[in-house]
Amino acid sequence: MHPQRARLHNELHARPSIYFEEPAHLHHYAFLDGDDIAADILGRVAEVVGKTPDIEAAQEILDLGDQTLKWERHTEFFTLTLLVPKPAQGEPWPSPPPLLAEIAAEHSRALINASLILVEAETAWGGDAEAYGFRDPAGSSVGDGDATVWSDFRLTAAGVNRLLLVNRGLNAFRLGRMTRRLLEIETYRMMASLALPVAKEMSLELRDHELELGELSERNTEDEEESSRPLLAAISALSARLERSGARSRQRFSATEAYARIVFNRIEELREERLGDRPRLGTFILRRFRPTVHYCAAINQRQESLAESVARLNDLLRTRAQVEIEEQNSEILQSLNERTSSQLKIQKAVEGLSIIVISYYLFSLFKLGLQSLGALGVAIEPSVAAAVLGPLGLGIIGLLAWRIQRVKNH
């Protein structure tokens with residue numbers, strides 16, 4: 001079997017959930033995967049648990065006795081999820097286990113999400129979410145009424161977001177899937193929000209670029225008599241800056257769109273119902289998360305529209321420059337034609353003078369010949385000489401003119 005076929009087929013079984021029974025704690029940490037952070041974290045895990053993780057795998061579940069550790073490698077981030085059974089009299093919100101605490105401290109700059117889910121049985125649930133330390137919490141009935149979820153989405157002093165899931169009728173399989181959805185909502189929501197600082201920074205840059213484009217458009221309209229080359233150089237520089245800015249942000253905005261789509265899908269999969277007068281969990285998240293997604297999408301669209309406007313102005317200026325070049329070429333051709341015409345007139349004048357000089361020279365030779373005949377005793381009447389020299393001179397002049405014209409034509 002081809003190895004690629006096996007990998008593609010096994011994607012059906014990729015990223016399984018941790019299946020467990022309540023009560024339990026789920027500690028979940030997500031790190032931006034850069035500078036070999038995932039490899040370093042897996043190395044620390046191997047030292048502590050005494051097992052060597054399969055670094056080439058996309059995910060792995062490690063059985064640590066009474067605890068279960070799962071790690072997942074994604075395109076841009078890496079997650080660790082530790083399942084710890086809750087003792088009967090255990091505190092509701094314990095500190096993270098030493099392994100996770102040390103890893104989070106060492107890679108605090110890469111930590112993008114830290115969540116803790118407390119899974120309680122309905123028999124241990126007192127019915128008051130605020131008794132668990134929540135302030136003005138949001139809550140929903142999920143899984144067609146088989147569980148309730150509560151959270152106020154406030155970070156603790158340690159930077160952890162806490163969620164409470166009260167199980168009514170979920171088996172181990174559905175409970176694992178439900179907690180996975182909740183953790184994915186939080187992680188993908190934070191990953192989608194990474195574009196927000198980029199969008200705010202780009203908003204300021206785009207404002208400056210739009211002002212510059214407006215100035216260049218006005219110059220193009222008003223300074224029609226000036227050369228388009230300075231304008232073309234300025235618009236080309238602006239286009240280059242926009243392309244550089246777009247290349248920097250395009251991947252981030254595309255990732256935000258993809259992550260947001262996952263968040264929306266996971267919220268739909270919760271199948272929420274309202275609990276009393278409390279806002280639903282998904283409604284609370286979407287009301288605050290959607291504006292971030294829409295803002296990033298608007299900035300991305302604004303950048304693309306500005307780039308298109310710059311491209312249109314660039315094409316307009318290039319067309320104007322091409323027209324200027326054609327006009328210059330036309331003027332050059334006209335100048336060459338005028339110069340050629342002047343040279344032809346001069347050449348004709350020179351040809352005429354040449355014919356006159358040659359004719360004068362020939363007449364002088366014939367005159368000398370006739371005078372020589374008179375000296376030899378041959379008398380020639382002036383009328384006879386005129387009758388002979390006139391047609392002969394005209395014939396010679398005509399022959400010279402015909403010969404010169406034939407040489408010119410060839």
Side-chain angles (χ1 to χ4, degrees), residues 12-30 45 48-51 53 57 59-72 79-101 113-134 137-152 156 160-187 266-267 269-273 275 281-282:
L12 288 172
H13 309 283
R15 309 191 188 283
S17 303
I18 301 175
Y19 307 130
F20 63 97
E21 300 285 349
E22 76 281 350
H25 289 103
L26 277 172
H27 300 268
H28 180 79
Y29 288 81
V45 170
V48 173
V49 304
K51 297 181 181 180
Q59 59 84 32
E60 189 175 8
I61 298 178
L62 302 175
D63 186 1
L64 308 181
D66 62 336
Q67 300 181 4
T68 303
L69 178 66
K70 179 182 178 182
W71 62 266
E72 291 188 29
T79 63
L80 283 175
T81 304
L82 182 64
L83 170 66
V84 181
K86 177 179 177 291
Q89 301 300 324
E91 58 181 310
W93 308 112
S95 301
L99 172 61
L100 297 182
N113 179 40
S115 297
L116 173 59
I117 298 181
L118 168 60
V119 182
E120 286 275 40
E122 188 176 20
T123 56
W125 157 247
D128 184 10
E130 294 182 353
Y132 285 82
F134 293 127
S140 297
S141 173
V142 297
D144 295 329
D146 287 335
T148 58
V149 181
W150 301 86
S151 180
D152 59 2
T156 65
V160 178
N161 181 38
R162 301 178 302 180
L163 297 97
L164 170 64
L165 186 146
V166 180
N167 187 18
R168 291 178 176 173
L170 299 176
N171 58 24
F173 178 82
R174 294 181 63 199
L175 186 59
R177 294 292 302 274
M178 185 62 67
T179 53
R180 179 183 177 86
R181 291 190 189 103
L182 295 172
L183 294 175
E184 286 182 343
I185 288 172
E186 283 301 288
T187 299
R266 295 297 182 270
I267 290 177
E269 291 171 0
L270 293 178
R271 300 192 301 278
E272 293 181 285
E273 295 178 4
L275 288 176
L281 207 72

CD1 of I267 to CD1 of I185, rounded to nearest 0.5 Å, is 5.0 Å
* Is the closest side-chain heavy-atom distance between T68 and F20 below 4.5 Å? -> no
CD of E72 to CD of E60, rounded to nearest 0.5 Å, is 11.5 Å
Only one of L99, L26, L69, I18 passes side-chain contact (heavy atoms from CB on, under 4.5 Å) with L82, and that residue is L69
Heavy-atom closest pair (S151 atom, N161 atom, distance to 0.1 Å) is OG-OD1, 3.9 Å
One should read off an interatomic distance between S17 OG and K70 NZ, to the nearest 0.5 angstrom, of 5.5 Å
Contacts of E272 meeting salt bridge (Lys or Arg N to Asp or Glu O under 4.0 Å) (sequence neighbours excluded), chain-then-number -> none
Result block: side-chain N/O donor-acceptor pairs under 3.5 angstrom for residues 141-148, not counting sequence neighbours:
unit_1	atom_1	unit_2	atom_2	d
D144	OD1	R271	NE	3.2
D144	OD2	R271	NE	3.2
D146	OD2	R174	NH1	2.7
D146	OD2	R174	NH2	3.1

G176 and Y19 have their tightest heavy-atom pair at CA-CD2, 4.3 Å
Taken in chain and number order and not counting sequence neighbours, the residues that satisfy side-chain contact (heavy atoms from CB on, under 4.5 Å) with N113 are H28, A30, S115, E186, T187, M190
With sequence neighbours left out, the residues meeting side-chain contact (heavy atoms from CB on, under 4.5 Å) with P92 are L118, Y132
With N167 as partner, the option from E22, E120, E122 fulfilling side chain to side chain donor-acceptor pair (under 3.5 Å) is E22
Here the pair of heavy atoms bringing G282 nearest to S140 is N-OG, 4.4 Å
Across all chains, not counting sequence neighbours, the side-chain contact (heavy atoms from CB on, under 4.5 Å) partners of T156 are A158, V160, R162
In terms of heavy-atom contacts, L83 and A24 come closest through CD1-CB, 3.6 Å
Interatomic distance, OG@S95 vs CG@L116, rounded to 0.5 Å, equals 10.0 Å
D152 and G133 have their tightest heavy-atom pair at OD2-O, 4.2 Å
When every non-hydrogen atom of G65 is compared with those of D63, the smallest separation belongs to N-OD1, 3.1 Å
Checklist line | Cationic N near anionic O, under 4.0 Å, R181 to E184 | finding: no
For A129, the side-chain contact (heavy atoms from CB on, under 4.5 Å) test, sequence neighbours excluded, returns W125, F134, P137, W150
- Query: Does any non-hydrogen side-chain atom of L270 lie less than 4.5 Å from one of L182?
  - Reply: yes
Original post:
Between L62 and V45, does a side-chain contact (heavy atoms from CB on, under 4.5 Å) hold up when you go through it step by step?
Top reply: CA-CA 10 Å; L62 302 175; V45 170; 4.0 Å; yes
d(L183 CG, T79 OG1) to nearest 0.5 Å is 9.0 Å
Between L175 and E21, is a side-chain contact (heavy atoms from CB on, under 4.5 Å) present by the stated rule, with each step listed? CA-CA 8 Å; L175 186 59; E21 300 285 349; 5.5 Å; no
